Amino acid sequence: MTQLLTSTNKVSYRALTPELELMGQVNVTTETEFDNAKFTCRDVRVHYGSLEALHGIDMNIQDNGVTALIGPSGCGKSSFLRVFNRMNDTITGARVSGEVLMDGQDIYSNDIDPVLLRARVGMVFQKPNPFPKSIYDNVAYGPRIHGLAETRVELDGIVETSLRKGGLWEEVKDRLDDPGTGLSGGQQQRLVIARAIAVDPEVILMDEPASALDPIATAKLEVLIDELKENYCIVIVTHSMAQAARISQKTAFFHMGDLVEYGETAKIFSNPEDKRTQDYITGRTG
Amino acid sequence: MGNYTASIIALIAIVTALAYFYGRRVARKRLAVFTGNGTGKRFHSQPNYHGLFLGGSAAFTALVIFAAGMFVNAQPGDGAAIPPHLVAMAIALSAVAVTLMNTRLIRSDFRARRYVEFFINSALLLCSVIAVLTTLGIVLSLLFESLRFFEQVSIFEFLTGLQWSPQTALREDQAGQSGSFGAIPIFAGTFLVMAVAIFVAAPIGLMIAIYLSEYATKRTRGIVKPAIEILAGVPTVVYGFFALLTVGPTVRAFAESLGFAVPTQSAIAAGSVMGIMIIPFISSLSDDVINAVPQTLRDGSYALGATKSETMTKVVFAGALPGIIGALLLAVSRAIGETMIVVMAAGRAANLTGNPFEAVTTVTVQIVALLTGDQEFDSPKTLAAFALGLVLFVITLVLNVIALLVVRKYRERYE
Ligand SMILES: Nc1ncnc2c1ncn2[C@@H]1O[C@H](COP(=O)(O)OP(=O)(O)OP(=O)(O)O)[C@@H](O)[C@H]1O
Ligand SMILES: [Mg+2]
């Protein structure tokens, strides 16, 4: 099924919007032709009231791998991330236009229920946000809502697998009934990753997941992300260049609502084509 | 006497004002030496602080003498009272003396500003001390009067007896007889009315809170919330006659149409109206705690594919629950202490019943009944009111403390 979809869905990346061409800003890398695009975005714009936060983004996101979104504060990374699970819908005044295909299917079409979409596209936030419930109930929350387990034994199984995938099982297996809010920040962040994994998503979006963590917890999180990329499409927003370089295969640089440069992470960091990208990754702006 | 006090207070005001203006003038003159001739030397306090310092000292002295005079006059004994004109003279003279003495202090480096600050601090502190002491006094008087009651009626009888008929205890041949002061029916009645009130107020109040915090637009919320809070400002006596004249007869008519006989005054009439009264307590406080649940928790739930109502019931409500319990407890303690509605609409018969369609009586109603009309001040009947008051006080105090603790614990969780 997946093979079938991806093969029919072979798309190539074009960033040559007419406006950019006119403005002479067309130095976006072209080597982003995937045969496994998970998302295909065409002219995606995000408005908050009268403010346009993203000015027509064209971009593909590869499946099974880590795509990093970098750029100075306020450039629209979070807004773009929320496009993929339609979290912008929950913000009053926010509007998304353009076309976003997931496995070739328009996720903004009327037959897509955002509630079901979000079960397929999980999200991890900047600040760990475990629910004020036990560790077990935190992980079981999604499966219960979506009726993924028929019996308690099944649910136990899902909770355990998710916590294992989240790299937290060994630390919490003896205290599943303790409140999730009682864990350390790094553990909480892995708990919410496990919570997202529990509903068996295809994509995991992460918005600066390590920004509230110390270096050791960050390192653990990066190891985890590296493992998860085998099975999930991961899109991560990060302010740490080093982190983007370490964990991602593709990197996209955003600036003031535009996608400036997008390509192989190694290429972006060693040999950026755009001056703005260069300035940003060498720390001259941002 | 009233005349005397009034003129003394006027006198104190006058001395204070005079001392203030005098001090300010002197300060201006003396300090002008430093500023007027262009030497530019800084002085510690502006002239009006010197004035305030002199005025404050004069007022303080005068008040002390006034209080001392009052105290001496209030002593029992054969010593003749100090005549008013003597007190007035003493006040005027000492104020003048203090002012003159203080005048010598007015110099460029005198820290009048600091001392004025000290005066103000002390005055503020005094006010809070007065409030605390008053509360303490009330509690102690409740306690002592209750102890006197328990000398005549055993506390065990009072707390466990099933028979409440304080009137019979007044009769000559059985004065103070125990058995008539069993307060259980009263507690039961109080509890019944409160239960009806909470039964009405809790669901409605919570729904309102949920609607306001999660579903209403900003504009609707801006209109609805204050409108509901008006309910809390309606005088309780208005609720009382609403209960007596509208709700009571309606309940009775309804019951009669079903073939039951129900009195106009009943636990349900009083309780339901009281429930309406405490709705704003529950809705406003719960709205606050629901709003305090961080948006990130809601986002987390939405991002897992939960709907709004699932998020509401499973995450937000669970997170806000301790605070909501706190709100309910505060509302309960408010309901228990409520008097006017129950006096008018609950009845006076001390029935021991769990049926809300019967007339019951509550602690507050009984206190009113015991203390209105001609009373002997040390009959057990009158003293019983203090014992009831004490019980009421303890219950509401405990409820309030628990509520505050719960709310505080909840607040800490997200900070
Ligand atoms: N809920 C919102 N309402 C109104 N404007 C918003 C909202 N969220 C974002 N914006 C605006 O959209 C623009 C992009 O914001 P966004 O949060 O996507 O930036 P970001 O790249 O994630 O920044 P940061 O690195 O600081 O998180 C900003 O100008 C911001 O002010
Ligand atoms: Mg952001």
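Here the structure is a predicted model, which means the values were calculated and not measured. Below, read A as the first sequence line, B as the second, and so on, with proteins coming before strands; counting in each chain starts at 1.
B:Lys218 contributes atom NZ, which lies 7.5 Å from atom OG1 of A:Thr92 (distance to the nearest 0.5 angstrom). Taken from CG in B:Asp299 to CD in A:Gln126, the straight-line distance is 12.0 Å, to the nearest 0.5 Å. A distance of 6.5 Å separates OG1 in B:Thr311 from CD1 in A:Ile145, rounded to the nearest 0.5 Å. Remark: B:Lys314 NZ to A:Lys133 NZ distance equals 8.0 Å, nearest 0.5 Å.
No side-chain heavy atom of B:Leu304 sits less than 4.5 Å from a side-chain heavy atom of A:Arg118. In this structure, B:Val293 and A:Pro132 have side chains that are not in contact, with every pair of non-hydrogen atoms separated by 4.5 Å or more. Counting heavy atoms from C-beta on, the side chains of A:Phe125 and B:Thr296 never come closer than 4.5 Å. At least one side-chain heavy atom of B:Val315 sits less than 4.5 Å from a side-chain heavy atom of A:Tyr141.
When heavy atoms are compared at a cutoff of 4.5 Å, A:Arg195 approaches chain B by way of both its backbone and its side chain. With a 4.5 Å cut-off on non-hydrogen atoms, A:Phe131 touches chain B through its backbone and its side chain both. Contact of A:Val124 with chain B is not made at all, since no heavy-atom distance falls under 4.5 Å. In this structure, no portion of A:Pro201 lies under 4.5 Å from any heavy atom of chain B.
Other residues, nucleotides and ligands place more than 12 heavy atoms under 6.0 Å from the CD atom of B:Gln295. Surrounding OH of A:Tyr108 are more than 12 heavy atoms belonging to other residues, nucleotides or ligands, all under 6.0 Å away.
Heavy-atom pairs under 4.5 Å with chain B peak, among A:His146, A:Arg86, A:Met123, at A:His146.
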